[in-house]
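Sending over a structure as structure tokens; questions will come in a sec.
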Amino acid sequence: MSAPATEPPKTESGRFKAGLEDVVAGTSSICLVDGIEGKLLYRGYDIVDLAENSTFAEVAYLLWYGRLPSKSEFEVFQKEFRGSIELPEQTSMILRLFPRAATPMEVLRTAISSLGHYDPDSGNTSQEACLRKANRLTARIGSIISAHERLRQGLEPIQPIAGQSIAFNFLYTLTGNKPQAILEKIFDICLILHADHELNASTFAARVTAATMSDMYSSVTSAVGALKGPLHGGANEQVMKMLLEIGDVSKAEAWVINALKNKVKIPGFGHRVYKTEDPRATVLRKYAEQLGKHVGNTKWYDISRIVEKTMFDYNEREAKKIYPNVDFYSASVYHCMGIPTVLFTLIFAMSRITGWTAHILEQWANNRLIRPRAEYTGPLGLRYASIETR
Ligand code: ACO
């Protein structure tokens, strides 16, 4: 037998970057993130333009089909989209079985996985069937969230109203009240803004699973698991917790300074790609203010502004580039809508599912297994010793 190697095998490049920072791991025509200019495009359209002029349903079409629909295409699509909102009876039943202690995000992960069992296209891998699955998944995820939240509160789930938007039905089935037009509109804009973001952690997880030629439900379940963490989608919950803990405008500056002194990261700030303000935060800031005024409570917006100003001064002083990200102002927007904090990350999933499924379809259109290398740093040449002699 030959002697064990003494040198670890080198990776092709001979180097690695922690967290794969700046590593280009594939090509995609879905989304462009320009971290220097602070721009985000979906299929070539600026999200500021889409947020002002489009709808979430139209953006879903854009992400999946690669172009905006014609009027007649959109009519057919929207009818199918809105018509898929009701949950399969079995999934509604499963929602009643989760332990009380299960967090909504954990429930979402399992419930999404369960949807695969009741999808008539489950085993059909054709492009048309996969588009139908993406459509159903996107339409139903809000129904899972609102139904489970009501059960958690000891209330019965509410049936969605046929023909209404995803935003309308989410707010309606969550609260039992038909939302005012302004709330529906701003919630729809939030869904547009979160829909895709290139190879973020959850989308990458979805693509890795899809690239093994696993199914769409498994790939989306992987993505939900990755989104859950506080360094990714979980940050919007942390932002609201921070705002609640600060509690008053007069305490905001000192709170942030103290956190920074103790090396605590401020939730809703910083981004792996943006070295300037996240363009989604710019749009959301405007709506956080508008909504605060509309509901007669700008306290959370006002605290957010002080937190932001304190971070701005810190950047200046320390020559840092830590700007608000998408999670920062979405927190006060959702709070003003009366949405419980524990659901914030689930709303992120409700929107990002369009991006996940678009990326899964793109992966399958030109698939190759995603299998990177690791640079080995462990010992070499060890000899097995029997347990009696160790
Ligand atoms: N508050 C204070 N300092 C920060 C923050 C923050 N929110 N974010 C980064 N920094 C500092 C770090 O302390 C570090 O400083 P140092 O160089 O002096 O050590 C430097 O900026 C770089 O930070 P990293 O954590 O190495 O940056 P990375 O690219 O790995 O992480 C991340 C990006 C995870 C988003 C980070 O900024 C963070 O934890 N932010 C708070 C959580 C958050 O808002 N996540 C949501 C991201 S957006 C999304 O997923 C939708």
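Side chains included, hydrogens not; waters and symmetry mates left out as well; all remaining heavy atoms used. Here the structure is a predicted model, which means the values were calculated and not measured. Indexing begins at 1, ligand by ligand and atom by atom, following the structure's order.
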Single-linkage hydrophobic cluster, 4.5 Å side-chain cutoff, L244 and F344 together: yes

Test of proximity, F348 against ligand 1: N or O pairs below 3.5 Å: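 No, since none of the N or O atoms of F348 sits under 3.5 Å from an N or O of ligand 1.
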
Heavy-atom nearest neighbour in the protein, as seen from atom 30 (O) of ligand 1, with distance rounded to 0.1 Å: R272 NH2, 3.0 Å

Side chain proximity check, N177 to Y172, heavy atoms < 4.5 angstrom: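 Result no, sub-4.5 Å side-chain heavy-atom pair not found.
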
Proximal atoms of ligand 1 relative to D327 (non-hydrogen, under 4.0 Å): 46 (C), 48 (S), 49 (C), 51 (C)

Identity and distance of the protein heavy atom lying nearest atom 50 (O) of ligand 1: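 Ranked first by proximity to atom 50 (O) of ligand 1 is H232 ND1, 2.9 Å.
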
R390 NZ/CZ over Y384 ring centroid, <6.0 Å and within 45° of normal: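 Satisfied, under 6.0 Å and within 45°.
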
Distance flag for atom 32 (C) of ligand 1, protein heavy atom under 4.0 Å: no

Test applied, ring-ring contact (aromatic ring centres under 6.0 Å, His included); reference residue, F269; option that passes from F328, Y323, Y274, Y329: F328

Atom 11 (C) of ligand 1 [closest protein heavy-atom partner, distance rounded to 0.1 Å]: I322 CD1, 3.7 Å

Heavy-atom protein contact below 4.0 Å for atom 22 (C) of ligand 1: no

Shortest protein heavy-atom distance from atom 35 (C) of ligand 1, along with the residue and atom involved: G270 O, 3.7 Å

Criterion salt bridge (Lys or Arg N to Asp or Glu O under 4.0 Å) on E75 and K79, from CA distance to verdict: CA-CA 6 Å; E75 273 164 16; K79 196 158 174 254; over 6 Å; no

Contact atoms of ligand 1, heavy-atom distance to K320 under 4.0 Å: 15 (O), 16 (P), 17 (O), 18 (O)

Within-4.5 Å side-chain heavy-atom neighbours: Q363 and I370: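 Side-chain contact under 4.5 Å: yes.
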
Residue pair I266 / M311, side-chain heavy-atom distance below 4.5 Å: yes

For atom 34 (C) of ligand 1, closest protein heavy-atom neighbour: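 Heavy-atom neighbour on the protein nearest atom 34 (C) of ligand 1: L231 O, 4.0 Å.
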
Verdict with supporting geometry, E37 and K275, salt bridge (Lys or Arg N to Asp or Glu O under 4.0 Å): CA-CA 8 Å; E37 293 295 322; K275 301 305 167 209; over 6 Å; no

Side-chain heavy atoms of F348 within contact of D327, under 4.5 Å: yes

Shortest protein contact, atom 42 (C) of ligand 1 (heavy atom only):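 Heavy-atom neighbour on the protein nearest atom 42 (C) of ligand 1: P230 O, 4.0 Å.
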
Under-4.0 Å protein heavy-atom contact, atom 27 (O) of ligand 1: no

Protein residue, atom and distance nearest to atom 36 (C) of ligand 1, heavy-atom basis: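 Closest protein heavy atom to atom 36 (C) of ligand 1: K265 NZ, 4.2 Å.
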
Any N or O of N325 closer than 3.5 Å to N or O of ligand 1: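 So ligand 1 has an N or O lying under 3.5 Å from an N or O of N325.
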
Residue portion contacting ligand 1 (non-hydrogen atoms closer than 4.0 Å) for K263: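 Under 4.0 Å from ligand 1, K263 contributes no heavy atoms.
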
Heavy-atom side-chain proximity of H359 to E198 below 4.5 angstrom: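 Of all side-chain heavy-atom pairs linking E198 with H359, none is under 4.5 Å.
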
Within-cut-off N or O pair, I266 and ligand 1, under 3.5 Å: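 Checking ligand 1 against I266, an N or O pair does fall under 3.5 Å apart.
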
C190 vs Y334 side-chain heavy atoms within contact, under 4.5 Å: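 They are in contact (side-chain heavy atoms under 4.5 Å apart), so the answer is yes.
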
Same apolar cluster (I L V M F W Y, side chains within < 4.5 Å links), Y45/I192: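 The answer is yes; both residues are in one hydrophobic cluster.
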
Heteroatom proximity flag, V264 to ligand 1, N/O under 3.5 Å: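 Checking ligand 1 against V264, no N or O pair falls under 3.5 Å apart.
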
No-hydrogen, no-angle side-chain donor-acceptor test under 3.5 Å, Q180 and E184: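 E184 and Q180 do not have a side-chain donor-acceptor pair below 3.5 Å.
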
Flag side-chain contact, heavy atom, 4.5 Å: F168 against F187: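 F168 vs F187: side chains apart.
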
Distance flag for atom 15 (O) of ligand 1, protein heavy atom under 4.0 Å: yes

Atom 40 (N) of ligand 1: the protein heavy-atom neighbour that sits closest, reported with distance to 0.1 Å: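 The closest one turns out to be F269 O, 2.9 Å.
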
Geometric N/O contact R280 with ligand 1, under 3.5 angstrom: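 No, R280 has no N/O under 3.5 Å of an N/O on ligand 1.
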
Contacting atoms of ligand 1, where contact means under 4.0 angstrom from a heavy atom of A235: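 Reading through ligand 1 atom by atom, the close ones are 43 (C), 44 (O), 45 (N), 46 (C).
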
Sub-4.0 Å protein heavy atom next to atom 3 (N) of ligand 1: yes

Proximal atoms of ligand 1 relative to V326 (non-hydrogen, under 4.0 Å):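 What qualifies from ligand 1 is 51 (C).
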
For G268, the ligand 1 atoms whose distance to one of its heavy atoms is below 4.0 Å: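 The list of qualifying atoms is 43 (C), 44 (O).
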
